[in-house]
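Worksheet: the structure to be examined is printed underneath.
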There are 2 protein chains.
Amino acid sequence: MDRELLLLGLLRRSDMHGYQLHEFIERDLATCTELKKPTAYFLLDKMTRLGWIVQHEEREGNRPPRRVYHVSAAGEAQFQQLLRTNLSQPSSTRFGGDIGLIFANSLASADVVALLEQRRVVLAADLAATQAAPAHAGSLQLVIEHRIIHLESELGWLDTVIARFTASASTE
Amino acid sequence: MDRELLLLGLLRRSDMHGYQLHEFIERDLATCTELKKPTAYFLLDKMTRLGWIVQHEEREGNRPPRRVYHVSAAGEAQFQQLLRTNLSQPSSTRFGGDIGLIFANSLASADVVALLEQRRVVLAADLAATQAAPAHAGSLQLVIEHRIIHLESELGWLDTVIARFTASASTE
DNA sequence: TCCTGACTAGTCAATCTTGACTAGTCAGGA
DNA sequence: TCCTGACTAGTCAAGATTGACTAGTCAGGA
């Protein structure tokens, strides 16, 4: 339901059409969520069926008409509900990268170390890029900081993992 | 592809049937991944089509026959490939819980604080439960530790967020 | 003027995921 | 013996997600 919350929250600020929503999310919110174009349209259609938003055609110049979405009263109520749920419940995170570690003993420890070093480089670059990002206004600042803290934590953990495999590589 | 890696990795250890795989994942690997029953069967069918695994019927007593899966040579190669990719590339994490924070200014700061306190309680309980888990053997130990470190980091971050909203609540 | 490449706006088919269901087996009590 | 509830094994249809595609607009150069 996070994506529905996101769309409602953006539409609540100002009416938009689908493409505009998608662009905004890909450009400005890429750090905290992903929302492909067809998914955005799918969700907008679903929310229209549920009566959370209403759409109307709009025509600008001689460009083809666009569907502009507007949050209804029911949608506003839903937004409040979704927002409270989102804030009060932690979203459980699963680390796909841990699955490889479960099977790491299929490889020589030296190989595992080499592969994890690669992972480390990408992670460190991601952290550096996030830290270098310009200080954003208000609410997005929290998201950026969250990301930085998370990536720092990941790097620290990864280093302990690498250290362990390095140790076992020397005794093989 | 993480789920394919997981299934291949488990089947490589010993042949299993679908239900058995699902049970094992739900019971022992719930901390690091989720894999619903129909998804497991879907992926097993797909991997069979791709030639990564082969299935054969097996009958025990007068129970209904079961399909037992076995990793083929092509599947073994694929496993190595997927494992190396998984280890060398960090899996980018998205925090659905951050979406609510983007719109937190729609609520009174005092309300946000109350909601985040709830989130904190659940998170702390999760951490306590994970720390209390019995020390697992070898590779799963890494996953548990990862989870603990992550949850500690999340709690620390959440506390700074709560502090900020508490501060702004007092000036409203 | 005409062409090219970029931008806008959205659709489609294929794939993936899941809640709810079916259907057989078995152990233990009434 | 018969019934109930739990376990085993898997299916189905509905819903969600995405890569690849379509089709119109527009600016700028040849």
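The figures that follow rest on heavy atoms only: side chains count, while hydrogens, waters and symmetry mates do not. In the text below, chain A, chain B and the rest are named by the order of the sequence lines, each starting its count at 1.
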Take A/Glu154 and B/His146 through the side-chain hydrogen bond (donor to acceptor under 3.5 Å, both in side chains) test and state the conclusion after the steps.
CA-CA 8 Å; A/Glu154 284 292 286; B/His146 189 187; 2.7 Å; yes
Expected output: side-chain A/Arg119 to main-chain A/Gly97 donor-acceptor under 3.5 Å
yes
Atom-to-atom span, OH of B/Tyr19 to P of D/dT8 - whole angstrom:
5 Å
Grab the CZ-P distance between A/Arg66 and C/dC7 for me, whole Å please.
17 Å
Can B/Lys46 and B/Glu4 be counted as an ion pair, charged N to O under 4.0 angstrom?
yes
D/dA9 OP1/OP2 closer than 4.0 Å to side-chain N/O of B/His22:
no
In what stems does DNA chain D take part, counting only runs of at least 3 consecutive Watson-Crick or G-U pairs whose two distances fall under 3.5 Å?
C:1-30 with D:1-30
If we ignore hydrogens and angles and just use 3.5 Å, is the side chain of A/Asn86 paired with the main-chain N or O of B/Gly96 as donor and acceptor?
yes
Under 4.0 Å from OP1 or OP2 of D/dT11: is there any side-chain N or O of B/Arg67 that close?
yes
Rounded off to whole Å, could you give me the CE-to-P distance for the A/Met1 and D/dG15 pair?
13 Å
Just the rounded figure in Å: distance from P of D/dT8 to CG of B/Leu21.
14 Å
Whole-Å distance between C/dT17 P and B/Leu7 CG?
11 Å
A/Glu4 CD - D/dG15 C1' separation (whole Å):
12 Å
Given the rule in the side-chain contact (heavy atoms from CB on, under 4.5 Å) test, do A/His22 and A/Leu35 qualify, once you have shown the distances and angles that lead to the verdict?
CA-CA 7 Å; A/His22 166 71; A/Leu35 190 65; 5.6 Å; no
Spacing of A/Glu26 atom CD relative to D/dT18 atom C1', expressed in whole Å
12 Å
Mind calculating the distance between CD (A/Glu57) and P (C/dT8) to the nearest angstrom?
19 Å
Would you kindly confirm whether A/Val121 and A/Leu116 end up in one hydrophobic cluster when ILVMFWY residues are joined by side chain heavy atoms under 4.5 Å apart?
no
Using the ring of each side chain (for Trp, its six-membered ring), is B/His150 parallel, tilted or perpendicular to B/Phe95, with breaks at 30° and 60°?
parallel
With a 4.0 Å heavy-atom cut-off, tell me which residues in residues 30-50 of chain B come close to DNA chain C, sorted by residue number.
B/Lys36, B/Pro38, B/Thr39, B/Phe42, B/Lys46
Apply the test side-chain contact (heavy atoms from CB on, under 4.5 Å) to residues A/Asn105 and A/Val112: give CA-CA distance (whole Å), side-chain angles for both, the deciding distance (0.1 Å), then the verdict.
CA-CA 9 Å; A/Asn105 55 352; A/Val112 175; over 6 Å; no
Within the side chain of A/Ser72, is there an N or O that forms a donor-acceptor pair under 3.5 Å with the backbone of A/Gly51?
yes
Which of C/dG10, D/dA9, D/dT8 is nearest the side chain of A/His17? It is C/dG10
